[in-house]
Amino acid sequence: MQQDLRQPLVRQLAESDAPRHYWHMADEDGRAWLFESVEGDGEHWAVRQVEVGLDRVARRYWWRHLQDERGFLTDQPLEIWELTEIPADAFEAVWQASA
């Protein structure tokens, strides 16, 4: 399997001292996404992401686990106007619970 070329870039952002922002989005079917983002080049890039599917199982994505057969860490800047900002501890609680 070929290494995902995004891995070093996502890792660099994740390990940077740049300020973090935390976001939530849900759809009408009951799926939810939570993101930790770092600003780079004037845009917000996800460095950690939790997806909660219709099966209510939470899946985590970050530089050590960019994708699997069920989903992947978004590879586009976040469209923050579509998201709701949440407290860091709210994101972290879901992240830890989905481990």
Side-chain angles (χ1 to χ4, degrees):
M1 184 162 96
Q2 186 176 9
Q3 181 180 1
D4 191 317
L5 298 176
R6 295 178 299 151
Q7 186 178 29
L9 299 172
V10 173
R11 182 178 182 179
Q12 180 181 7
L13 282 173
E15 293 178 348
S16 77
D17 292 333
R20 300 324 200 213
H21 295 273
Y22 301 89
W23 310 95
H24 172 267
M25 180 176 85
D27 69 14
E28 61 280 347
D29 295 327
R31 293 178 290 217
W33 295 264
L34 288 89
F35 304 96
E36 175 185 1
S37 72
V38 174
E39 200 169 339
D41 295 330
E43 299 187 281
H44 286 266
W45 296 91
V47 294
R48 293 194 296 168
Q49 172 181 321
V50 179
E51 293 181 16
V52 180
L54 295 175
D55 57 5
R56 308 315 302 161
V57 173
R59 294 169 184 84
R60 300 178 350 158
Y61 300 100
W62 60 309
W63 71 265
R64 290 185 187 256
H65 182 75
L66 290 173
Q67 65 184 38
D68 56 29
E69 64 280 349
R70 302 295 304 258
F72 60 93
L73 179 70
T74 184
D75 59 357
Q76 301 293 313
L78 297 176
E79 296 179 359
I80 61 173
W81 55 88
E82 296 179 352
L83 306 174
T84 302
E85 194 158 10
I86 60 173
D89 58 343
F91 175 90
E92 201 60 45
V94 175
W95 180 264
Q96 293 302 323
S98 64

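Heavy-atom basis, side chains included; hydrogens, waters and symmetry copies ignored.
Side-chain contacts under 4.5 Å among hydrophobic residues (ILVMFWY), followed directly or transitively, place L13 together with V38, W45, V47. Applying the under-4.5 Å side-chain rule to Ile, Leu, Val, Met, Phe, Trp and Tyr, the cluster around V57 consists of that residue alone.
Transitive grouping of hydrophobic side chains (ILVMFWY, heavy atoms separated by less than 4.5 Å) brings W62 and V10 into a common cluster.
Of the residues L34, V52, V50, the one that meets the side-chain contact (heavy atoms from CB on, under 4.5 Å) test with S98 is V50.
The list of salt bridge (charged side-chain N to carboxylate O under 4.0 Å, His left out) pairs with a residue in residues 54-75, not counting sequence neighbours, reads D55-R59, D55-R70.
Annotation: ring-ring contact (aromatic ring centres under 6.0 Å, His included) contacts of H65 (sequence neighbours excluded): Y61. Residues passing the side chain to side chain contact (heavy atoms under 4.5 Å, CB included) test with T74 are F35, A46, Q49, Q76, L78, sequence neighbours excluded. In this structure D27 satisfies the side-chain hydrogen bond (donor to acceptor under 3.5 Å, both in side chains) test together with R31, sequence neighbours excluded. Under the side chain to side chain contact (heavy atoms under 4.5 Å, CB included) criterion, R11 pairs with E15, W63, sequence neighbours left out.
For H24 against A32, the heavy-atom pair with the smallest separation is NE2-CB, 4.1 Å. Heavy-atom minimum distance, Y22 versus P87: CB-O, 4.3 Å.
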Using distance only, find each side-chain donor-acceptor pair of residues 88-97 under 3.5 Å and give its atom names and separation, not counting sequence neighbours.
unit_1 : atom_1 : unit_2 : atom_2 : d
E92    : OE1    : R48    : NH2    : 2.7
E92    : OE2    : R48    : NH1    : 3.4
E92    : OE2    : Q96    : NE2    : 2.9

N/O donor to acceptor pairs below 3.5 angstrom from side-chain atoms of residues 79-86, sequence neighbours left out:
unit_1 : atom_1 : unit_2 : atom_2 : d
E85    : OE2    : H21    : ND1    : 3.1

